[in-house]
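Take a look at the structure set out below.
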There are 2 protein chains.
Amino acid sequence: MGIRKHGALGDGAGQVAAATHPPATVPDGLMDAFWAYESALTDNDLDALDRLFAPGPTTLRGDANGLLVGHDRISAFRHARGGGPRRRIVEVHVQPIDMSHALVVAVTEFAHGGRGLQTQLWKRTPAGWAVTAAHVAQPAPALDTRIWRVVGDPLIPATGAGPLSGHSLAVKDLYAVAGHRIGAGNPAFLAAAPIQPRHAAAVEALLAAGADLRGIARTDEFAYSLAGTNVHTGTPPNPKAPHRISGGSTSGSASAVSLGHATIGLGTDTGGSIRVPAAYQGLFGFRPTHGSVSTAGLLPLAPSFDTVGWLTRDALLLAAVGDVLLPDSAVRPFGEVVVVPELLALAQPDVAAAVETRVGGWAPRESWDLPDLPAWLTAFQTLQAWEAWQAHGGWLATRLHTLGADVRGRFEAASDVGEDDAAQAAEQVAAARIRIRELVGDRLLVLPSASSVAPPLGQVPPEVRQATMQLTCLAGIGGLPSVSIPTTTADGLPCGVCLVASPGRDRDLLHLTAELPTVSVRPWLRDG
Amino acid sequence: MGIRKHGALGDGAGQVAAATHPPATVPDGLMDAFWAYESALTDNDLDALDRLFAPGPTTLRGDANGLLVGHDRISAFRHARGGGPRRRIVEVHVQPIDMSHALVVAVTEFAHGGRGLQTQLWKRTPAGWAVTAAHVAQPAPALDTRIWRVVGDPLIPATGAGPLSGHSLAVKDLYAVAGHRIGAGNPAFLAAAPIQPRHAAAVEALLAAGADLRGIARTDEFAYSLAGTNVHTGTPPNPKAPHRISGGSTSGSASAVSLGHATIGLGTDTGGSIRVPAAYQGLFGFRPTHGSVSTAGLLPLAPSFDTVGWLTRDALLLAAVGDVLLPDSAVRPFGEVVVVPELLALAQPDVAAAVETRVGGWAPRESWDLPDLPAWLTAFQTLQAWEAWQAHGGWLATRLHTLGADVRGRFEAASDVGEDDAAQAAEQVAAARIRIRELVGDRLLVLPSASSVAPPLGQVPPEVRQATMQLTCLAGIGGLPSVSIPTTTADGLPCGVCLVASPGRDRDLLHLTAELPTVSVRPWLRDG
């Protein structure tokens, strides 16, 4: 029942007829429908494509970006993409099942090079033959430019043997890597950037501890976003939440770790840029006590809040990186965990429920009266904006047009922040820092890492961003170490449980995370 | 009829049961077979896997490396690979067709990161449920390390605008690229190599003409092979001839061009290292007149024969690169084409037939008495070996153990070539050069680019290599420009038609190639 045909190389797209052997076994009209589908793809005839895919919620279409379920989602995907790459069919295999069903497997050849594979289950419906399931594979590009600017095997080898030997590092494009430029997610900045003579301190330390440097990973422009949607290079994929944003600004490093391209994602967290992609992608992420890990060789965003952070798929490795980068300290257990209903309530119900499930019914709730939280966030954002303009305004003043709309808007607003506004914001931040540190005390604060699961590709709703930043700014303002631990909503989407501790308790937090069971927080406490 | 289940993240591999909704529509025993297959994969239980794939020649299994047709080839593939990567199932969708057929689409999640997709058509046979077709997709790696050592977006941007603007360059890892080391396909050599302060002359010229440098591509060790089977980094894929070797030594550049990772593959041709991968992969490849393109910044193999060569998917681009790299010359048409039956006879029948078909019945045959061809090849190989040891013996003398067996054997033999042997070989080569140039005259010699299609992965049969080298050494010894033009055997596999011209007629050869029709050589001659 197998049927095979090699197309001659000189054939044009869609010109290869399927040889049928034995012809009688191929159901009537099937091959006509197959070739009609090919033509419709070539012409990007959306109506014909919609018609040739079976209606209903169970129709499937999968490719490297994930599986789409239901005719409507498949149709929406096709309407958004503006046509597929040009290709032709070079082999067709038909497995007839009965007069109304057949599987067609085709080898495709792309005009831009390489071959792919397409598997389709066809069904005869009252309206004619239609695909009920399609699996489409195209050749992978040299590198996924949504994730990476440059990548190697390795790009830079480890300079020593140590606890990170065998691991690989995705470095956010804000860190100096000797022999390379810093691109900061902006092509104009990259083109003007000097080649770095030496590695950033954190990069140097990780290489010395045995990690190979796999590559330089994408970032939101100047790290001034939590979305990961770089207008120049696209949104890195989120494998556990397909067709949703990656989270940022440590977007490329996060996707690299999610996909297994690297085991350690080095990034930064100013206002949530480690914790948000960790939550959205189901990774472990760590933001250290402000000032505890050297930022030498790091392009600043807002030095009052900037931290060196990292992401992994594994809590033990998260701690191992901390052992390399953090100052020494004696490990001691935490005395108390606290869950604050007012903070849980900032998250959407699915995420709040997932955090509660992860925490269990046991951890004590403590109501915090946080009337000033919106004002704290505003002060944080004002001071961040001021510092960001201090850092980049000189270069950006004549180059705001090179930025994507979101980041441009933020920098334009930043350019309007006056010195007095900044001074007042700094005072508010200092007061809030004291208050947040008092509230947390020597306890372990549990809150959602972000207010939602990863939003679908497209604009992030402003209220979602605002709620996420109210959650993330607590550690940012407090200068507190925090870890994001992956969990899952009832729908199976990744989200994060964030643990925040008092300053300097970074290693305690990491070691506790490495010993966490997968079900409840109860055993987190040694003396609880 | 769709069925869907998200596995909770804490579930182990194979522990997610498929929810069936409505349960009655899933044929009896199907899901048991599906999970039995998963278990067999996890355990690499080859007997169970063989049993769960339907017997016979029409069973299909496809992945990014190509489509395998027939149970036997699928079974052989599984026996050779030693187990797949660890994974678990996170979503299962079943499309029941009848009581004996169903499609199962599953989303997989890999222990090393990322998600994949698997589509299986299951059939109830007398021996139980079995897969008749499977399409398997895994997440792509950060870079295909069989093809690339380092790759970027771009790695090095063009330094000018020109005829190659918009094109991208894969550079064989024998050329100096400023800021990078030369690796020569050998990890020990790479580790000891200095960072290059400037680009090789050919790289510099191509960047200035507008091409971006995409990356540094794999080569056989020290370019001393025609296979492409680097023992350290594997064999680059050959998309038009899956599960066959790439050809070498310009293996990575060739695969990069085949896959559309780059549009121009820069390589070298000493004894066929451009023409052989061009033939095996269905590309255009060019070897210039010896000495006509600067080899400054190129790691030598055998300077008497080394040339800068290039590969493209398109004859116009092949010529455009020549316009950048070659000395100026007035274009004039060729007077005569000659096909030599004794050279055609060196190729296997499928390749000889494909060359004859491409040439057409028209081009004149001319019998050449070539009793000395084997001796010419031996002299070529002896001088090549002597020069290769002069170039690399100092470094390799204590490091032969770092080489793969084939290349090691060649260098060991090279270390035994005495100065007298080399001098005698040089005399024979000089005499042969005169004779070959006389035979070709001002005509266009047509011969097979290689003696066979790409051999299947594994050892290249020595007689195939020997016959190929008898064909390729003619241009090598003659120092003659030659182009390999892609064609196809009756089985649909790529092979090459080689045109060889007299010294200095490089541009004529390229311009003629760019104007070739796809069917016959007749219109090649302006005055014919």
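FYI, side chains are in, hydrogens and waters are out, and symmetry mates aren't considered; it's all heavy atoms of this structure. So you know, we letter chains A, B, ... as the sequences are listed, proteins then strands, and number each from 1.
- Top candidate by heavy-atom pairs under 4.5 Å with chain A, chosen from Pro157(B), Ala111(B), Pro242(B), is Ala111(B).
- For Pro139(A), the part lying under 4.5 angstrom from a heavy atom of chain B is the side chain only.
- When each of Leu117(A), Val257(A), Leu60(A), Val107(A) is checked for heavy-atom pairs under 4.5 Å with chain B, Leu117(A) comes out on top.
- Within the 4.5 angstrom heavy-atom criterion, atoms from both the backbone and the side chain of Leu143(B) approach chain A.
- For Arg181(A), no part sits under 4.5 Å from any heavy atom of chain B, backbone or side chain.
- Note on Asp98(A), Val105(A), Val150(A): by heavy-atom pairs under 4.5 Å with chain B, the leading option is Val150(A).
- Just one of Arg115(B), Arg87(B), Arg86(B) meets the salt bridge (Lys or Arg N to Asp or Glu O under 4.0 Å) condition when paired with Glu109(B); it is Arg115(B).
- A salt bridge does not link Arg149(B) to Asp153(A): none of the charged nitrogens lies less than 4.0 Å from a carboxylate oxygen.
- The greatest number of non-hydrogen atom pairs below 4.5 Å with chain B, out of Asp314(A), Leu155(A), Leu121(A), is found for Leu121(A).
- Interface remark: Ala64(B) contributes no atoms to any contact with chain A (heavy atom separation under 4.5 Å).
- Within the 4.5 angstrom heavy-atom criterion, only backbone atoms of Asp63(B) (N, CA, C, O) approach chain A.
- Pro486(A) places none of its side-chain heavy atoms less than 4.5 Å from the side chain of Pro494(A).
- Thr263(A) contributes a side-chain N or O that, together with a main-chain N or O of Ser168(A), makes up a donor-acceptor pair within less than 3.5 Å.
- Within the 4.5 angstrom heavy-atom criterion, atoms from both the backbone and the side chain of His135(A) approach chain B.
- Heavy-atom pairs under 4.5 Å with chain A were tallied for Gln138(B), Gln118(B), His261(B), His101(B); the largest tally goes to His261(B).
- With contacts defined as side-chain heavy-atom distances shorter than 4.5 Å, the pair Thr488(B)/Leu493(B) does not qualify.
- Residue contact with chain B, scored on non-hydrogen atoms closer than 4.5 Å, is absent for Ala170(A).
- Val151(A) touches chain B through backbone and side chain together, each having a heavy atom under 4.5 Å away.
- With chain A as the partner, the residue from Gly114(B), Ser100(B), Ala142(B), Pro154(B) showing the most heavy-atom pairs under 4.5 Å is Ala142(B).
- A donor-acceptor pair is defined here as one N or O able to donate and one able to accept, closer than 3.5 Å; such a pair exists between the side chain of Thr59(A) and the backbone of Ala54(A).
- When each of Leu259(A), Leu103(A), Thr233(A) is scored by its heavy-atom pairs under 4.5 Å with chain B, the top score falls to Leu259(A).
- Rounding to the nearest 0.5 Å places NZ of Lys123(A) at 11.5 Å from CD1 of Ile97(A).
- With a threshold of 4.5 angstrom between heavy atoms, Ala256(B) does not approach chain A through any atom at all.
- The aromatic rings of His180(A) and His180(B) sit perpendicular to each other, their planes meeting at more than 60°, with 30° as the lower class boundary.
- From Ser253(A), atom OG reaches atom CG of Leu311(A) across 7.0 Å, with rounding to the nearest 0.5 Å.
- Looking only at side-chain heavy atoms (C-beta outward), Thr132(A) and Thr58(A) stay at 4.5 Å or farther from each other.
- Ion pairing between Asp212(A) and Arg214(A) fails under the 4.0 Å rule for side-chain N and carboxylate O.
- Comparing Asp144(B), Ile216(B), Thr145(B) by how many heavy-atom pairs each has under 4.5 Å with chain A, the most go to Thr145(B).
- Interface residue Thr119(A): backbone and side-chain heavy atoms are both found under 4.5 Å from chain B.
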